[in-house]
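We use all heavy atoms of the structure for the numbers below, so side chains are in, but hydrogens, waters and symmetry mates are not. Here is the naming used below: chain letters follow the sequence lines, and residue numbers restart at 1 for every chain.
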2 protein chains.
Amino acid sequence: MRRNTWQREAVREALGNNEGFVSAQMLHSGLREAGSSIGLATVYRALADLGSAGEADSLQSDQGEVLYRACTPGQHHHHLICRSCGLTVEIEADAVEAWAHQVAADNGFTQPSHVVDVFGMCAKCSAD
Amino acid sequence: MRRNTWQREAVREALGNNEGFVSAQMLHSGLREAGSSIGLATVYRALADLGSAGEADSLQSDQGEVLYRACTPGQHHHHLICRSCGLTVEIEADAVEAWAHQVAADNGFTQPSHVVDVFGMCAKCSAD
DNA sequence: CGGATGAATGATTGTCGTTCTCAGTATGGC
DNA sequence: GCCATACTGAGAACGACAATCATTCATCCG
């Protein structure tokens with residue numbers, strides 16, 4: 001039986017308030033500074049749940065830590081991410097989807113999935 | 001001054017003998033079982049060197065560990081990877097390169113880079 | 001060749017992100 | 001309200017990787 005706890009809701013809300021990808025630890029310390037007594041393990045659990053429920057996207061940073069971001073559920077999309085500030089734009093890529101399927105099929109691969117993310121410096125960070 | 005040691009060569013060779021992506025730890029235990037006395041730290045250092053020299057590609061597994069694979073140096077390419085056995089095919093994707101640059105430019109992003117990898121089940125593993 | 005030099009090695013320790021443990025808490029059904 | 005039990009949270013454990021540092025040995029140079 002799935003229960004509704006204020007902790008889960010707090011994580012969901014904190015994630016939604018964020019423009020870009022954030023780490024579990026950043027979310028946790030943010031919530032703590034806001035006066036919450038939420039535990040780190042709970043943040044990890046909530047994020048994993050949100051991820052598997054399709055309510056959050058995740059990716060791994062260069063340093064190997066997992067970053068999360070709220071996303072529009074049920075819709076497949078990719079991301080354009082600022083290396084400097086983390087600003088993220090959701091992008092559609094039907095052409096890339098088709099290409100990935102084609103490449104997989106051409107090489108005899110089935111059940112294709114793909115990882116497609118574009119990194120760069122956003123307009124604001126480029127100006128600095 | 002860069003030195004040539006048998007350890008570095010052993011890592012390079014072990015990497016070349018492998019069809020797919022392998023972790024530093026897998027390489028290390030494989031070399032150890034083959035009778036080498038190479039240290040784990042040295043394997044990590046050698047792999048990092050090969051990576052920055054463009055002689056090896058790396059990617060992060062779902063579990064967060066970094067996997068390495070020998071590649072044709074100096075050529076930008078992506079990978080089609082079997083989720084089951086790790087078999088890897090290098091793929092070219094000029095169209096995707098162009099698309100990534102276009103998407104970045106459309107959103108005001110500069111210095112674009114991208115992560116594009118396709119996962120699936122290879123023909124052999126699909127048959128099992 | 002042979003000694004000097006300092007880059008490379010490797011056993012160990014440290015770091016850091018994440019997961020696990022387990023006793024205590026509090027949610028939802030009754 | 002009461003109970004079963006899913007959830008929580010502090011801390012320990014874990015795993016991948018980086019750093020440390022005494023030792024080793026490639027390379028240089030006479």
Please check if any side-chain donor atom of B:E55 sits under 3.5 Å from a side-chain acceptor atom of B:Y68, or the reverse. no
Is the ring pair B:H114/B:H78 parallel, tilted or perpendicular, if the boundaries are 30 and 60 degrees? tilted
Would the base of C:dA7 count as contacting B:R3 through its side chain, where contact means a donor and an acceptor less than 3.5 Å apart? yes
Residue mapping more 5' on DNA chain D - nearest nucleotide basis, B:R2 or B:A48: B:A48
Please identify each residue that fulfils salt bridge (Lys or Arg N to Asp or Glu O under 4.0 Å) with A:E65, with sequence neighbours left out. none
Rounded to whole angstroms, how far apart are CG on A:L47 and C1' on D:dC7? 16 Å
Are the side chains of A:H77 and A:I91 in touch, meaning some heavy atoms are under 4.5 Å apart? no
One character per nucleotide, please: for nucleotides 9-22 of chain C, 5' to 3', B when the base has a protein heavy atom closer than 4.0 Å, S when only the sugar-phosphate does, - otherwise. BBB-----SBBBB-
Before we go on, tell me: are the rings of A:F21 and A:H79 under 6.0 Å apart, centre to centre? yes
Interatomic distance where CG belongs to B:L27 and C1' belongs to D:dC17 [whole Å]: 15 Å
When rounded to the nearest 0.5 Å, the distance separating CD1 of A:I81 from CG of A:L67 is 8.5 Å
